[in-house]
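Heavy atoms only: backbone and side chains are in, while hydrogens, waters and symmetry mates are out.
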Amino acid sequence: MTNATANLLYSKEHEWVLKLDGNRVRIGITDYAQKALGDIVFVENPSVDDDVTANESMGTIESVKAVSELFSPVSGTVVTVNENLEDAPETINEHPYDAGWLVEVEVSNLEDLESLLKEEEYEAFINEGEE
């Protein structure tokens with residue numbers, strides 16, 4: 001694995017989660033996912049105030065290779081959307097762990113975070129898939 005950050009939690013659908021203040025989290029896709037997708041050309045995020053459900057689709061991401069669903073790693077309400085991605089979706093390829101974040105969600109149940117993978121578990125998960 002390349003640029004994973006130890007403070008993040010990860011889903012098996014290759015999204016990362018950064019815990020912010022209170023029940024708020026920031027969500028993005030991992031470096032592994034953006035490399036697998038290739039050049040990202042469009043992102044369809046949910047809107048502010050939309051409810052999202054853990055492990056269910058919350059939008060799509062389109063690359064030169066394919067269109068893939070984005071899965072929410074947590075349940076809650078979208079409170080912020082990274083609007084910069086509308087004009088510059090390639091930011092995800094360039095900075096998947098900072099400027100390329102997707103949405104911020106007010107988590108309805110913080111126990112959702114306990115089901116996510118820590119960095120070393122995510123690395124092991126990826127390595128299993130590559131063997």
Side-chain angles (χ1 to χ4, degrees):
M1 196 155 116
T2 55
N3 295 320
T5 302
N7 295 335
L8 302 177
L9 297 170
Y10 301 87
S11 74
K12 290 184 176 179
E13 286 75 30
H14 307 290
E15 283 89 15
W16 57 259
V17 175
L18 174 64
K19 178 104 171 50
L20 302 172
D21 295 333
N23 286 8
R24 185 178 288 213
V25 298
R26 180 172 285 175
I27 299 170
I29 67 166
T30 65
D31 189 54
Y32 177 86
Q34 68 83 16
K35 285 181 178 173
L37 287 166
D39 294 336
I40 295 170
V41 296
F42 181 74
V43 178
E44 179 186 10
N45 275 323
S47 300
V48 171
D49 294 330
D50 281 357
D51 289 329
V52 294
T53 303
N55 304 314
E56 291 189 9
S57 178
M58 66 174 185
T60 58
I61 189 164
E62 184 176 342
S63 72
V64 294
K65 293 181 179 178
V67 176
S68 300
E69 287 191 76
L70 294 169
F71 291 93
S72 180
V74 296
S75 296
T77 303
V78 176
V79 291
T80 306
V81 174
N82 187 353
E83 295 177 359
N84 294 330
L85 298 179
E86 291 177 21
D87 295 328
E90 67 278 6
T91 304
I92 296 171
N93 293 115
E94 298 162 358
H95 307 286
Y97 294 111
D98 43 52
W101 62 275
L102 300 170
V103 295
E104 290 182 1
V105 172
E106 191 77 26
V107 178
S108 58
N109 184 355
L110 286 176
E111 291 180 10
D112 284 354
L113 300 178
E114 295 174 12
S115 66
L116 298 174
L117 305 173
K118 294 181 173 63
E119 181 181 41
E120 61 275 7
E121 295 168 325
Y122 181 68
E123 286 181 23
F125 173 72
I126 288 174
N127 290 334
E128 285 175 15
E130 293 182 343
E131 290 178 2

Next item on the list: Applying ring pair (Phe, Tyr, Trp, His ring centres under 6.0 Å) between Tyr10 and each of Tyr122, Phe125, Tyr32, report the one that passes.
Entry: Tyr122
What's the spacing between [X] [atom1] and [Y] [atom2] if we round to 0.5 Å?
{"X": "Thr30", "Y": "Tyr97", "atom1": "OG1", "atom2": "OH", "value": "4.5 Å"}
{"X": "Leu116", "Y": "Glu121", "atom1": "CG", "atom2": "CD", "value": "10.0 Å"}
{"X": "Leu102", "Y": "Trp16", "atom1": "CG", "atom2": "CH2", "value": "7.5 Å"}
{"X": "Glu15", "Y": "Ile27", "atom1": "CD", "atom2": "CD1", "value": "7.5 Å"}
{"X": "Glu119", "Y": "Leu9", "atom1": "CD", "atom2": "CG", "value": "10.5 Å"}
{"X": "Glu128", "Y": "Lys12", "atom1": "CD", "atom2": "NZ", "value": "7.5 Å"}

Taking the side chain as every heavy atom from C-beta outward, state whether [X] and [Y] have any atom pair closer than 4.5 Å.
{"X": "Val78", "Y": "Met58", "answer": "no"}
{"X": "Ile29", "Y": "His14", "answer": "no"}
{"X": "Val105", "Y": "Val25", "answer": "yes"}

Next item on the list: Give the C-alpha distance, both sets of side-chain angles, the deciding distance and a yes or no for side chain to side chain contact (heavy atoms under 4.5 Å, CB included) between Leu117 and Glu123.
Entry: CA-CA 9 Å; Leu117 305 173; Glu123 286 181 23; over 6 Å; no
Please tabulate, for side-chain N and O atoms in residues 61-72, each donor-acceptor pair with protein atoms closer than 3.5 Å (sequence neighbours left out).
| unit_1 | atom_1 | unit_2 | atom_2 | d |
| --- | --- | --- | --- | --- |
| Ser63 | OG | Leu37 | O | 2.8 |
| Ser63 | OG | Lys65 | N | 3.1 |
| Ser63 | OG | Ala66 | N | 3.2 |
| Ser63 | OG | Ala66 | O | 3.3 |
| Lys65 | NZ | Ala36 | O | 3.3 |
| Glu69 | OE1 | Ser57 | OG | 2.7 |
| Ser72 | OG | Val74 | N | 3.3 |
| Ser72 | OG | Val74 | O | 2.5 |

Check: With Asp51, which residues qualify under side-chain contact (heavy atoms from CB on, under 4.5 Å), at least two apart?
Finding: Thr77
[X] and [Y]: which non-hydrogen atoms are nearest, and at how many Å?
{"X": "Val17", "Y": "Pro73", "value": "CG2-CG, 3.3 Å"}
{"X": "Val41", "Y": "Pro89", "value": "O-CG, 3.3 Å"}
{"X": "Val81", "Y": "Ser47", "value": "CG2-C, 4.2 Å"}

Margin query: Under the rule for side chain to side chain donor-acceptor pair (under 3.5 Å), what residues qualify as partners of Asn23, not counting sequence neighbours?
Written below: none
Margin query: Checking Thr60 now: which residues fulfil side chain to side chain donor-acceptor pair (under 3.5 Å) with it, not counting sequence neighbours?
Written below: Glu44
Notebook entry, point to check: Any sub-3.5 Å donor-acceptor pair from Asn82's side-chain atoms to Gly100's backbone N or O?
Noted result: no
Margin query: Applying salt bridge (Lys or Arg N to Asp or Glu O under 4.0 Å) as the test, list every pair that has at least one member in residues 75-104; sequence neighbours left out.
Written below: Arg24-Glu104, Arg26-Glu104
Next item on the list: Consider only side-chain heavy atoms of I, L, V, M, F, W and Y, link residues closer than 4.5 Å, and tell whether Phe42 and Ile40 are in one cluster.
Entry: no
Under 3.5 Å, which donor-acceptor pairs do the side chains of residues 106-113 form with other protein atoms, sequence neighbours left out?
| unit_1 | atom_1 | unit_2 | atom_2 | d |
| --- | --- | --- | --- | --- |
| Ser108 | OG | Ser75 | O | 3.2 |
| Asn109 | OD1 | Glu111 | N | 3.0 |
| Asp112 | OD2 | Ser75 | N | 2.8 |

